[in-house]
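The figures that follow rest on heavy atoms only: side chains count, while hydrogens, waters and symmetry mates do not.
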Amino acid sequence: MDGSVYSPGAGHQPPVLAGRDDLIRGWELMANDVLVGGRVHARDLLLLGPRGIGKTVALTRLGQVAQQAGYTLIDLQAVRGQTTLVASLLDHAEIQLEDRHSAWQTVRRHVDSLRLSLTAFGVGAALDVAARSGTVGHGTAPGRVARLLADLAAAVSREQGGRGGVMVSIDEIQAATADDLVLLAAALQRLNVNHPDTSLLFAATGLPYTRDSLNRAGVTHPERLFTAVLLPVVLDEAEARRAVVEPALARAVLWEPEAVDELLRITNGYPAHLQLFADAAWRLARDQRIRFDDVRSASIRVVASLVDGTFDPRWASLPDRQREYLAALAVNGGVATAAMMSRTLGRRASDLSRTRDQVIKAGDVYSPRRGEVRLSVPLFGQYILSHYEADRQASDDPDGLVTLEQMRAPGAR
């Protein structure tokens, strides 16, 4: 069939945003409360999780909800090694200022002042000057950012008859510099303290280690400033079925139950792969019904594409110890405690901590709770198990790496 209803690809909005109903409903209610009562009702959200689970999609939907409620959206993207978040904010402001009737005209002086300050000192220097002078929240960068946003929110509210505000969203916040993270936290704190009546929302996405990045940057008590929401890596069975079946029903296309069962078995409910495999099965279907054989045929093509385009390059880039660690995790079904990993590899948990941190930072693994690790992409586990032993034997020190047979031995090593 032509015209697939599914939307594979990074950041693409799926036809049904399954598994996020509670998040969206809570955001709708909070957006209303902030319009009525200001920042005292706000929860600054961090949507955290590995890649491919729909963080950007969820953030986009939150932005749409806010806009429908009357908020002006400032949508920023953190990019490692490129422009700072503050520079991105100012660039966004310059574009908006081209509209002479925009609410942004009321904050032009703040935009000019902030750009002048950061041009002269830079983000880090401006923060250092603030710390030494004791004037944070007044003439310095965090205070100027807060005042800009507060005055903009007030102008938007006036334009809309008392019902409007500002939402700031940042995608991939973990890629921001330490100075940017400190400045952002300080500006949000200044909004809470100096502008409590402001109708301003904040939400961002980040990889699971984002909270560690905030701590390392020097953000004071980030757990008090931000509400972290760890999005599930896989959808439960009911929501995964809904994501697949509901869009097709809207086009009078039926999924045979066995076909959906097979799709869920292959993808394990991982959102990115649900869309990818469902799209491929749709395109192979001969009529208005998607069958088991369509899914099986599609899976052969999609897995081959994932191997060539994703798994092979990622696996080839990994050092031997990281491959060994991931193989041990795959042997345990992609989910393991620190004690299980220690037994599987025959080494103390403290000896594995550095490798664990490396694969978490790379995004191959995430830690949903203290002492537990999971593969970020469930399907990657099958690939690892099929490639590890040959690559171990071809390594510089094959005897120094644990074999799959040893990992699988009762009681391990």
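Glu389 contributes a side-chain N or O that, together with a main-chain N or O of Leu404, makes up a donor-acceptor pair within less than 3.5 Å. Using a distance-only test at 3.5 Å, with no hydrogens or angles considered, a donor-acceptor pair links the side chain of Tyr6 to the main chain of Val244. Here the side chain of Asn268 pairs no donor or acceptor atom with the backbone of Tyr270 at under 3.5 angstrom. Distance alone, capped at 3.5 Å, is enough to place a donor-acceptor pair between the Arg251 side chain and the Gly3 backbone. A donor-acceptor distance shorter than 3.5 angstrom exists from the side chain of Asp180 to the backbone of Leu85, with no hydrogens or angles considered. The main-chain N or O of Ser88 is never found under 3.5 Å from a side-chain atom of His92 such that the two would form a donor-acceptor pair. Formation of a donor-acceptor pair under 3.5 Å by the Gln406 side chain with backbone atoms of Thr403 is found in this model. With Ser299 contributing its side chain and Arg296 its backbone, the two residues share a donor-acceptor pair below 3.5 Å. Remark: the backbone N or O of Gly70 is paired with a side-chain donor or acceptor of Gln160 at under 3.5 angstrom. A distance-only check finds no donor-acceptor pair linking the side chain of Gln174 to the backbone of Thr210 [under 3.5 Å].
At least one side-chain heavy atom of Val402 sits under 4.5 Å from a side-chain heavy atom of Arg347. By the 4.5 Å heavy-atom criterion applied to side chains, Asp151 and Thr198 are not counted as neighbours. Residues Phe202 and Leu191 form no side-chain contact, since every pair of their non-hydrogen atoms from C-beta on lies 4.5 Å or further apart. For the pair Pro196/Val40, no side-chain contact is recorded, criterion being any heavy-atom separation below 4.5 Å from C-beta on. Under the 4.5 Å side-chain criterion, counting only non-hydrogen atoms from C-beta, Arg323 is not in contact with His387. Between Leu181 and Ile173, the closest side-chain pair of non-hydrogen atoms falls below 4.5 Å. Two residues are said to be in side-chain contact when any heavy atoms from C-beta on lie closer than 4.5 Å; Leu62 and Met167 meet this criterion. Asp364 is listed as a side-chain neighbour of Leu318, based on a closest heavy-atom distance under 4.5 Å.
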Practice problem: Determine, step by step, whether Val302 and His273 satisfy the side chain to side chain contact (heavy atoms under 4.5 Å, CB included) criterion, reporting the C-alpha distance in whole Å, the side-chain angles of both residues, the deciding distance to 0.1 Å, and the verdict. | Solution: CA-CA 9 Å; Val302 175; His273 288 172; over 6 Å; no
Quiz item: Run the salt bridge (Lys or Arg N to Asp or Glu O under 4.0 Å) check on Glu28 and Arg25 step by step: do they pass?
Solution: CA-CA 5 Å; Glu28 288 174 339; Arg25 188 178 300 111; 5.8 Å; no
Quiz prompt | Evaluation steps, side chain to side chain contact (heavy atoms under 4.5 Å, CB included), between Tyr388 and Leu326 | solution = CA-CA 9 Å; Tyr388 174 74; Leu326 293 177; over 6 Å; no
Practice problem: Please test Leu306 against Leu276 for side chain to side chain contact (heavy atoms under 4.5 Å, CB included), starting from the C-alpha separation and ending with a verdict. | Solution: CA-CA 10 Å; Leu306 287 172; Leu276 188 61; 3.9 Å; yes
Exercise. Determine, step by step, whether Val331 and Ile384 satisfy the side chain to side chain contact (heavy atoms under 4.5 Å, CB included) criterion, reporting the C-alpha distance in whole Å, the side-chain angles of both residues, the deciding distance to 0.1 Å, and the verdict.
Key: CA-CA 9 Å; Val331 163; Ile384 292 168; over 6 Å; no
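When all heavy atoms are compared, the tightest approach of Trp255 to Ala281 is CH2-CB, 4.0 Å. Between Trp27 and Leu201, the shortest heavy-atom contact is CZ2-CD1, 3.7 Å. Between Arg289 and Asp294, the closest heavy-atom pair is O-OD2, 3.9 Å. The shortest heavy-atom contact between Leu73 and Gln67 is CB-NE2, 3.8 Å. Smallest separation of non-hydrogen atoms from Gly218 and Val182: C-CG2, 4.4 Å. Nearest heavy atom pair, residue Pro271 against residue Val234, reads CD-CA, 4.4 Å.
In the displayed structure, Arg211 atom CZ is contacted under 6.0 Å by at most 12 heavy atoms of other residues, nucleotides or ligands. The local environment of CZ in Arg301 is sparse, with at most 12 non-hydrogen atoms from other residues, nucleotides or ligands closer than 6.0 Å. Within a 6.0 Å radius of CG in Asp396, no more than 12 heavy atoms belonging to other residues, nucleotides or ligands are found.
How far CG of Asp391 is from CD of Gln393: 9.5 Å, rounded to the nearest 0.5 Å. Rounding to the nearest 0.5 angstrom, the gap separating the CZ atom in Arg321 from the CZ atom in Arg354 is 11.5 Å. Here Leu264 contributes atom CG and Asp236 contributes atom CG; the two are 9.5 Å apart, rounded to the nearest 0.5 Å. The CG atom of Leu274 sits 6.0 Å away from atom CG of Leu235, with the distance rounded to the nearest 0.5 Å. Leu249 CG to Leu254 CG: the interatomic distance, rounded to the nearest 0.5 Å, is 6.5 Å. To the nearest 0.5 Å, atom CG of residue Leu379 and atom OG1 of residue Thr267 are 8.5 Å apart.
Checking Ser169 against Asp75 by side-chain atom types alone, a donor-acceptor pair falls below 3.5 Å. For the residue pair Ser367 and Arg370, no side-chain donor N or O sits within less than 3.5 Å of a side-chain acceptor on the partner.
Between Trp315 and Tyr383, the ring-plane angle classifies as perpendicular under the 30° and 60° cut-offs.
For residues 37-51, the set of pairs meeting the side-chain hydrogen bond (donor to acceptor under 3.5 Å, both in side chains) definition, not counting sequence neighbours, comprises Arg39-Asp44, Arg39-Asn192, Arg51-Glu172.
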